[in-house]
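Just so you know, these numbers come straight off a predicted model, no measurement behind them. By convention in this document, chain letters (A, B, ...) are assigned in the order of the sequence lines, proteins followed by strands, and residues within each chain are numbered from 1. Computed from heavy atoms alone, side chains included, the values below leave out hydrogens, waters and symmetry copies.
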There are 2 protein chains.
Amino acid sequence: MLIQLNFKSGLPVYLQIVEQVKAAIASGILRPGESLPSIRPLAEDLRINRNTVAKAYAELENQGVIETAAGKGSFIKDSQTPYRKEVRRQLLAGAVDAAIVQAYHLQFTPAEVLELVRDRLGAFEQKNPGHALKN
Amino acid sequence: MLIQLNFKSGLPVYLQIVEQVKAAIASGILRPGESLPSIRPLAEDLRINRNTVAKAYAELENQGVIETAAGKGSFIKDSQTPYRKEVRRQLLAGAVDAAIVQAYHLQFTPAEVLELVRDRLGAFEQKNPGHALKN
DNA sequence: CATACTGTCATAGCACACTATGACAGTTGT
DNA sequence: ACAACTGTCATAGTGTGCTATGACAGTATG
């Protein structure tokens, strides 16, 4: 599990950690049941404060991505979102809309956007067989 | 020139403006010599403070993307060349991948993702007829 | 010249990201 | 039990993103 921080991006460090952990799970690098690095060593590794890592983990637990217990550590949860379908759809729509705005600025046609999405979905599926995104 | 802000993303608003203006230039929507919206009207439009827009423009000028003169306005510098297709594709792929990771965590199937993308593309097209995203 | 636009600067206040540090509580291994 | 690990909570200080507002200067238009 490698985490790369970009201090100039403007995106809060704790959110960068959240994103990268979620991406690692999404990509199969981290699997359900596996443990995350403990807070203090990771903070030292990344040369940031303990609280920043703790905040990232708290956010991940809040999102239902990990489970954490004082004294034991933090572990990847079996991914089962507590959200209802409509809520999940709205959440995903946000990310999709961001991509569409980007596509607009970069002058892609809807057909090209769809093709690219198909492409990326395919690449993702190939790298991570057997997860929730399979057909 | 359409700018869409996401207040929950954690990315500072002024940087979102910078990014989207640069993307618009990259795609050729904004051409050298053209003027940007003036600070006050744009701020009112986006319902943010004048200073936030001013900061975005200052950053753009600092990066050499635009030229700005008190009393006249802000203008795209002529040293800009639209990115090539492959570069634009990579930029878009980043946003698409972010949405796909999100979709994984929200347990959507690829088919559902594609359907949602089609949906949002349609909604966007309906709201903004005649723009670069039309087929 | 006067008015209405443009960008710029200064100040003040609020929220939050991050740091720093200390203290406490649960778990594990010896 | 003890030591060494785990996460958690509290407090305080710094920096900065954003808002709000007022004042000023350059430019264009009449």
Side-chain angles (χ1 to χ4, degrees), chain A residues 1 3-22 24-25 30 32-77 98, chain B residues 1 3-22 25 30 32-77:
Chain A
M1 183 59 195
I3 291 186
Q4 273 269 351
L5 298 181
N6 181 353
F7 294 94
K8 294 180 294 182
S9 74
L11 193 66
V13 169
Y14 85 100
L15 285 181
Q16 291 183 42
I17 297 173
V18 167
E19 268 187 18
Q20 291 186 37
V21 167
K22 286 170 75 174
I25 297 170
L30 291 177
E34 279 186 38
S35 69
L36 273 73
S38 32
I39 290 181
R40 274 164 242 242
L42 180 56
E44 195 178 344
D45 221 48
L46 300 176
R47 301 187 176 189
I48 58 181
N49 193 269
R50 318 189 304 234
N51 294 342
T52 304
V53 177
K55 187 170 186 180
Y57 280 19
E59 176 64 20
L60 283 167
E61 178 164 38
N62 198 49
Q63 290 184 23
V65 178
I66 67 174
E67 223 163 10
T68 163
K72 291 175 79 174
S74 302
F75 302 86
I76 313 292
K77 251 176 136 178
Chain B
M1 184 57 197
I3 291 186
Q4 182 163 313
L5 299 180
N6 181 353
F7 294 94
K8 292 180 294 182
S9 74
L11 193 65
V13 168
Y14 85 99
L15 285 181
Q16 291 183 43
I17 297 174
V18 167
E19 268 187 18
Q20 291 185 36
V21 169
K22 287 171 74 174
I25 297 171
L30 291 177
E34 279 186 38
S35 69
L36 273 71
S38 35
I39 290 182
R40 273 163 243 243
L42 180 56
E44 195 178 343
D45 224 48
L46 300 176
R47 304 189 174 186
I48 58 180
N49 194 269
R50 319 190 304 236
N51 294 342
T52 303
V53 177
K55 187 170 187 180
Y57 281 20
E59 175 65 20
L60 282 167
E61 179 165 37
N62 199 48
Q63 291 185 23
V65 177
I66 68 175
E67 225 162 8
T68 162
K72 293 174 78 173
S74 301
F75 302 86
I76 313 291
K77 264 193 169 175

For DNA chain C, determine which residues of residues 38-54 of chain A have any heavy atom closer than 4.0 angstrom to one of its atoms, and list them numerically.
A:I48, A:N49, A:R50, A:N51, A:T52
Side-chain touch A:Y57/A:S38, heavy atoms, less than 4.5 angstrom
no
Rounded to whole angstrom units, what separation is found between the CD atom of B:E67 and the C1' atom of C:dG7?
14 Å
Do the side chain of A:E59 and the main chain of A:L15 share a donor and acceptor less than 3.5 angstrom apart?
no
Mind checking whether B:I17 and B:I3 have side chains closer than 4.5 Å, heavy atoms only?
yes
A:P12 side chain reached by A:K55 side chain, heavy atoms, under 4.5 Å
no
Between NZ of B:K55 and P of D:dG17 the distance, given in whole Å, is 4 Å
Rounded distance (Å) that lies between atom C1' of C:dA15 and atom CZ of B:F7:
15 Å
If I take atom CD in residue B:E61 and atom P in nucleotide C:dG7, what distance separates them, rounded to the nearest angstrom?
11 Å
Is B:A58 touching bases, backbone alone, or none of the nucleic acid, heavy atoms closer than 4.0 Å?
nothing
Just the rounded figure in Å: distance from C1' of C:dC18 to CG of A:L11.
14 Å
Which nucleotide in the list D:dA28, D:dG17, D:dG7 gets nearest to the side chain of B:P12?
D:dG17
Rounded to the nearest Å, what distance is computed from the NZ atom of residue B:K8 to the P atom of nucleotide D:dC18?
17 Å
Mind checking what makes side chain to side chain donor-acceptor pair (under 3.5 Å) contact with B:S35, not counting sequence neighbours?
none
Can you measure A:L5 atom CG to C:dA17 atom C1' for me and round it to whole angstrom units?
14 Å
Nearest nucleotide by nearest heavy atom, which residue falls closer to the 5' end of DNA chain C, A:V13 or A:K72?
A:V13
Rounded to the nearest 0.5 Å, the CG atom of A:L60 sits from the NZ atom of A:K77 at a distance of 11.5 Å
